[in-house]
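Note that the structure is predicted; figures quoted are calculated from it, not measured.
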Amino acid sequence: MASPDLFHDVSFSHVSAAASPAEDTAGATAVFGGDASSGCPRLSLVWPGEPRAKHTLEMDLSDAQVFKLGPTELLCVNGESEATDAVEEKSYSRAIKVVLRTEAESKAFYLAFQRWKHGVISGKAGEPLENGVIIASKSKFDTKIEASSAKMYFHYYGQLLHQQNMLQDFVRTGTYYAAVMENRSDFEGRVVVDVGAGSGILSLFAAQAGARHVYAVEASEMAEHAQRLISGNPSLRQRITVIKGKVEEVELPEKADILISEPMGTLLVNERMLESYVIARDRFLAPDGKMFPTTGRIHMAPFSDEYLYVEMANKALFWQQHNFFGVDLTPLHDSAFQGYFSQPVVDAFDPRLLVSPPTYHTLDFTSMKEEELYEMDIPLNFVASVGTRVHGLACWFDVLFNGSMVQRWLSTAPGSPTTHWYQLRCVLSQPLYVMAGQEITGRLHLVAHSAQSYTIYLTMSAKMWGEGAEQGGILQTSTAKLELKEPYYRLSQPQPYVVQDQQQQQLPSLQPQGSGQQIARKPVAFLLPANNSDLYNREAQRQRRLTRTMTMP
């Protein structure tokens, strides 16, 4: 058995809601060691000046976790069970706040906790591991996400400049603030868990709305910045506890009445944080608890955009050179061409580019299973409003905050105020030709992968017009395979939209199919150089002629 680790002059207190009144524990001693009977690693907190057996708090480290709350403060959490006659066993979580004298002692305590938890147990109870042997318990997150992807993900969100980018999205931040403040009755006196707290801004909103206590769970280094931000707001900090860790791993001392989170990525599902949000629901949320946001919808519609199509196709023209320093590059042209069309396009576009009213796919965060996010197969069915070339599928999302007092939507739709999510478009390398009233069918198939994103498989078909159409016609079909994690960010000023006569007469409505609710839209204004409208029109005509004569692979 390894020698115990001792820490003197420690203060500790219960954090659990059902804990007994706190006693004066200043000057206590913390002892890490193994249980003589079972060999399990244990943490003993001993009151000063009393017999050890009478005033000792014991914690089994085999199912315990430790979290840093501050430079000298740590939170130790483990499970407890209680059984009485004729009553089935009940399980609880017990949380002990431990305060060390210095930051150096706090770090040493943290390392000792981890060493005893993971290093003392081996094949035989109580025996140390052999030199060089490591036992690492993997959480559900670790088993499905590549370590390299997770490292980059948490590094990205651990930087203040990226948090600032999100905070400065006033559509995003303002909608969250309004959703919380307009539903104060849902938060007053309640326990809130902020899932993926980031800078802690949503935790501060919840505290402003009167939450009894907020647990801000954040796995990246941003947890330390969040702690400083919260500590700098004295009127709120006493009701917020920052816990550094993944929601798949951490333990909380009590159930939550409300989960709040910003788990949305591009196309709603990118980064796969929605899965963590659903896991947090299952682990932390009390029955009949609320979730902010409550529901998400992925909206889809076919679009026509000659400028975008030619822009992407022209990227591969480099590979059409027959004499590049004496080298013929053309053998790689087809691969390069398809490679550019494997990138979803992220930008803000004019809603007049849509050639059909949109439809949507709903995700109910309160009831859906995590596994439903692993693969999604969404059928597509549209009716073209105009005759044009369909260049692909446009997508965006919205989420609903279903409060007791006010229901509020956060929308990323084209024509609405732009957010940092923008919109997403899947561009087909082979466009479809459609006439007004023609049916467009297909499927959008999303498959999650371990790099915290999705592979998109898109199929779109349209019935050809002409001979044989009345017998079922001939289908023209185009497919695409795209990588959601590697989009083409096209965030410069959009090209001017040239309205044709037929399109002026039959602009598509943005009313989602199957929905009785009209989504409000604001007009989009493009800043065009003065007296250059003829130039733009000539350029548009040239691009269309180029597209018609282009040899497709």
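Annotation: side chain of L100 is in contact with side chain of L74 (closest heavy-atom distance under 4.5 Å). Looking only at side-chain heavy atoms (C-beta outward), V98 and V10 come within less than 4.5 Å of each other. Side-chain contact check for V278 versus D282: some heavy-atom pair is nearer than 4.5 Å. Counting only heavy atoms from C-beta outward, the side chains of I298 and L267 approach each other to under 4.5 Å. Between K290 and D186 there is a side-chain heavy-atom pair separated by less than 4.5 Å. In this structure the side chain of W421 reaches within 4.5 angstrom of the side chain of D169, judged on heavy atoms. Side-chain contact between T455 and L484: absent, with no pair of heavy atoms (C-beta onward) separated by less than 4.5 Å. Counting heavy atoms from C-beta outward, K255 and L285 have side chains that stay 4.5 Å or more apart.
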**OP:** Test side-chain contact (heavy atoms from CB on, under 4.5 Å) on R443 and I378 and set out the steps.
**Re:** CA-CA 6 Å; R443 66 196 288 246; I378 306 171; over 6 Å; no

Original post:
Between K244 and K68, is a side-chain contact (heavy atoms from CB on, under 4.5 Å) present by the stated rule, with each step listed?
Top reply: CA-CA 7 Å; K244 184 178 181 182; K68 296 178 181 179; 5.7 Å; no

Subject >> Audit row: V345, L424, side-chain contact (heavy atoms from CB on, under 4.5 Å) steps and yes/no >> reply: CA-CA 6 Å; V345 176; L424 179 137; over 6 Å; no

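Side chains of S203 and D194: a donor-acceptor N/O pair is present below 3.5 angstrom, by distance only. Side-chain atoms of E103 and T72 include no donor-acceptor pair closer than 3.5 Å. With hydrogens and angles left out, the side-chain atoms of E271 and Y157 include a donor and acceptor closer than 3.5 Å. With no hydrogens or angles considered, a side-chain donor-acceptor pair links E483 and H449 at under 3.5 Å.
Taking the six-membered ring where the residue is Trp, H299 and Y360 present tilted rings, their angle falling between 30° and 60°. Ring orientation note: the planes of Y156 and H162 are close to parallel, at an angle under 30° on the 30°/60° scale.
No option in V77, L75, I243 other than I243 meets the side chain to side chain contact (heavy atoms under 4.5 Å, CB included) test with L252.
Taking CG of L236 as the reference point, atom OG of S231 lies at 11.5 Å (rounded to 0.5 Å). Note: L400 CG to Q407 CD = 5.5 Å, rounded to the nearest 0.5 Å. Distance CG/L373 to CG/L363: 6.0 Å, rounded to 0.5 Å.
For an aromatic pair to be called close, the ring centres must be under 6.0 Å apart, and Y215 with H213 satisfies this. Taking the six-membered ring for Trp and the full ring otherwise, the centers of F349 and Y422 sit at least 6.0 Å from each other. Separation of the F205 and Y176 ring centroids does not fall under the 6.0 Å cut-off.
Between the R172 side chain and the M166 main chain, a donor and an acceptor come within less than 3.5 Å of each other. With hydrogens and angles disregarded, a donor-acceptor distance shorter than 3.5 Å links the side chain of T175 to the backbone of V171. Side chain of R281 to backbone of M368: a donor-acceptor contact under 3.5 angstrom is found. Of the possible donor and acceptor atoms, one in the side chain of N233 sits under 3.5 Å from a partner among the backbone N and O of L229. A distance-only check finds no donor-acceptor pair linking the side chain of S106 to the backbone of T102 [under 3.5 Å]. Remark: side-chain polar atoms of S416 are not paired, donor with acceptor, to backbone N or O of S411 under 3.5 angstrom.
One finds a salt bridge joining K144 and E370 here, because a Lys/Arg side-chain nitrogen approaches an Asp/Glu carboxylate oxygen to under 4.0 Å. A salt bridge does not link E372 with K369: every distance from a Lys NZ or Arg NE/NH1/NH2 to an Asp or Glu carboxylate oxygen is 4.0 Å or more. The pair D257-R190 does not meet the salt-bridge criterion, since no charged nitrogen lies less than 4.0 angstrom from a carboxylate oxygen. Under the 4.0 Å criterion applied to side-chain N and carboxylate O atoms, E251 and R283 are assigned as salt-bridge partners.
For the pair R297 and W396, the cation-pi test (distance below 6.0 Å, angle within 45°) is failed. Geometrically, R408 does not engage F401 in a cation-pi contact defined by less than 6.0 Å to the ring centre and at most 45° from the axis. A cation-pi arrangement is not found for K97 relative to F12, the charged atom failing to lie both closer than 6.0 Å to the ring centre and inside a 45° cone about the ring normal.
For the pair S220 and F154, the tightest heavy-atom approach, listed with the atom from each and the gap, is CB-O, 3.2 Å.
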